[in-house]
Undergrad: 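Quick one: the structure is below, and I'll ask about it shortly.
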Number of protein chains: 2
Amino acid sequence: MRIGDVAKLAGVSVRALRYYEEQGLLIADRGPGGHRQYPQSAVERVKFIQMLYAAGLSSSAILQVLPFLDTLVASPRMARQLEAERDRLKAQIDDLTKAHDRLEDLIRLAALYEDSPATCEPNETPPTTPVTRSRRRLSGARLTRH
Amino acid sequence: MRIGDVAKLAGVSVRALRYYEEQGLLIADRGPGGHRQYPQSAVERVKFIQMLYAAGLSSSAILQVLPFLDTLVASPRMARQLEAERDRLKAQIDDLTKAHDRLEDLIRLAALYEDSPATCEPNETPPTTPVTRSRRRLSGARLTRH
DNA sequence: CTAGAACCTGACGTCGACGTGAGAATCAAG
DNA sequence: CTTGATTCTCACGTCGACGTCAGGTTCTAG
């Protein structure tokens with residue numbers, strides 16, 4: 001397959017595929033004119049790479065995980081890397097779930113004050129409810145490393 | 001409170017707080033010398049902002065959501081924004097969960113081939129299992145918009 | 001009063017996963 | 001043979017949430 005085909009089938013840009021190769025994530029042999037040649041399996045590999053990118057893994061992290069797909073043999077080093085990324089994902093999922101639930105709370109709270117579906121004018125003076133309802137504690141989740 | 005106190009209590013950098021103000025997310029009045037003065041509530045506000053950042057919201061998205069915290073009154077526009085972000089979060093959580101489960105599968109698969117806890121030498125020739133086990137289908141989740 | 005800590009305003013640097021040309025070569029079809 | 005589509009290799013641009021340095025001002029403890 002040529003690079004355009006893989007790009008189309010995997011749903012990524014041609015540039016992305018060249019970038020993956022540059023990062024060592026995707027190898028391609030070359031035709032006589034220097035054009036890249038991919039096996040069919042490249043499509044699934046690219047989709048897997050995309051999934052990991054979408055999950056927030058970096059190129060180098062993916063590079064450490066990918067060899068397992070090829071060899072199906074995990075060195076202890078690789079296994080620990082897999083588990084570390086799994087745990088990181090779990091933590092991030094928990095953070096996102098917290099944020100999701102918090103937004104859900106706000107939405108429900110908003111529905112209480114805006115139950116007139118058509119009257120969108122700002123004349124809705126909400127009944128003087130005690131605003132002193134103690135705010136829930138939030139997660140101090142840090143994603144960025146200072 | 002001064003900016004350093006808020007930073008310490010909220011667990012962010014001083015630079016971040018100035019950046020939040022620059023983005024309109026956090027207002028501070030000034031002391032006679034030009035130093036920023038924050039109320040106690042700023043700490044929780046910053047933690048909330050951090051949670052939304054960690055959830056992948058952009059500054060402008062947070063800016064559209066935040067006024068609701070202050071007024072507790074949601075315009076229809078604001079309510080739709082809240083719901084949109086909630087849905088985006090839900091979708092992202094699903095993606096992350098897929099990736100997490102996939103990693104979990106790999107880890108379990110790895111455990112089959114590497115059940116000798118101490119012998120870490122690469123002499124473990126796994127039993128010749130049919131590697132032709134068809135790979136599961138992957139999600140073509142796209143986060144980046146080309 | 002004075003040293004050092006904390007704060008101020010610019011303004012440039014960073015990092016990662018590509019986007020976006022530029023200019024040239026290769027390939028597939030008529 | 002020609003033309004248009006695809007591909008090639010540099011190499012610079014982007015965007016967002018800050019980090020970081022520079023040079024100056026303000027606060028606070030002794």
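A note on names: the letters A, B, ... follow the listed sequences, proteins ahead of strands, and every chain is numbered from 1.
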Undergrad: Could you tell me whether the side chain of Arg45(A) and the main chain of Gln40(A) form a donor-acceptor pair under 3.5 Å?
TA: no

Undergrad: Above 12 or not: heavy atoms from other molecules or residues under 6.0 Å from CG of Leu63(B)?
TA: yes

Undergrad: For Arg30(B) and dT25(D), give me the distance from atom CZ to atom C1', rounded to whole Å.
TA: 13 Å

Undergrad: So, Asp101(A) side chain and Lys98(A) main chain: donor-acceptor pair closer than 3.5 Å or not?
TA: no

Undergrad: With the side chain of Tyr53(A) defined as its heavy atoms from C-beta on, choose the nearest nucleotide among dA17(D), dC8(D), dC18(C).
TA: dC18(C)

Undergrad: Using only side-chain N and O atoms of Ser59(B), determine if any of them is under 4.0 Å from OP1 or OP2 of dG16(D).
TA: no

Undergrad: Could you tell me if Tyr53(A) and Ser58(A) have a donor-acceptor pair between their side chains, going purely by distance under 3.5 Å?
TA: no

Undergrad: In whole angstroms, how far is the P atom of dC18(C) from the CD1 atom of Ile3(A)?
TA: 13 Å

Undergrad: Distance check needed: dA17(D) C1' versus Leu52(B) CG, whole Å only.
TA: 15 Å

Undergrad: Might you point out which heavy atoms bring Val65(A) and Leu52(A) nearest each other, and give the distance in Å?
TA: CG1-CD1, 4.4 Å

Undergrad: Identify whether the distance between the nearest side-chain nitrogen and carboxylate oxygen of Lys47(A) and Glu44(A) falls below 4.0 Å.
TA: no

Undergrad: Any chance you could list the contact pattern along nucleotides 21-30 of chain C? Use B for base contacts, S for sugar-phosphate-only contacts and - for none, protein heavy atoms under 4.0 Å, 5' to 3'.
TA: -----SSS--

Undergrad: Can you measure Ile62(A) atom CD1 to dG16(C) atom P for me and round it to whole angstrom units?
TA: 13 Å

Undergrad: On DNA chain C, check which nucleotide each of Gly4(B) and Ser58(A) is closest to and give me the residue with the more 5' one.
TA: Gly4(B)

Undergrad: Atom CG of Leu63(A) and atom P of dA17(C): how far apart are they, to the nearest Å?
TA: 12 Å

Undergrad: Got a salt bridge between Asp105(B) and Arg108(B), using NZ or NE/NH1/NH2 to carboxylate O under 4.0 Å?
TA: yes

Undergrad: Can you list, by residue number, the residues of residues 14-27 of chain B that have a non-hydrogen atom closer than 4.0 angstrom to DNA chain D?
TA: Arg15(B), Ala16(B), Tyr19(B), Tyr20(B)

Undergrad: Without swapping roles, check the side chain of Asp5(B) against the backbone of Arg2(B) for a donor-acceptor pair under 3.5 Å.
TA: yes

Undergrad: For Asp94(B) and Lys90(B): C-alpha separation, side-chain torsions, deciding distance, then whether salt bridge (charged side-chain N to carboxylate O under 4.0 Å, His left out) applies.
TA: CA-CA 6 Å; Asp94(B) 290 347; Lys90(B) 178 66 163 44; 3.4 Å; yes

Undergrad: Measure from CD on Gln50(B) to C1' on dG16(D) and round the result to the nearest Å.
TA: 14 Å

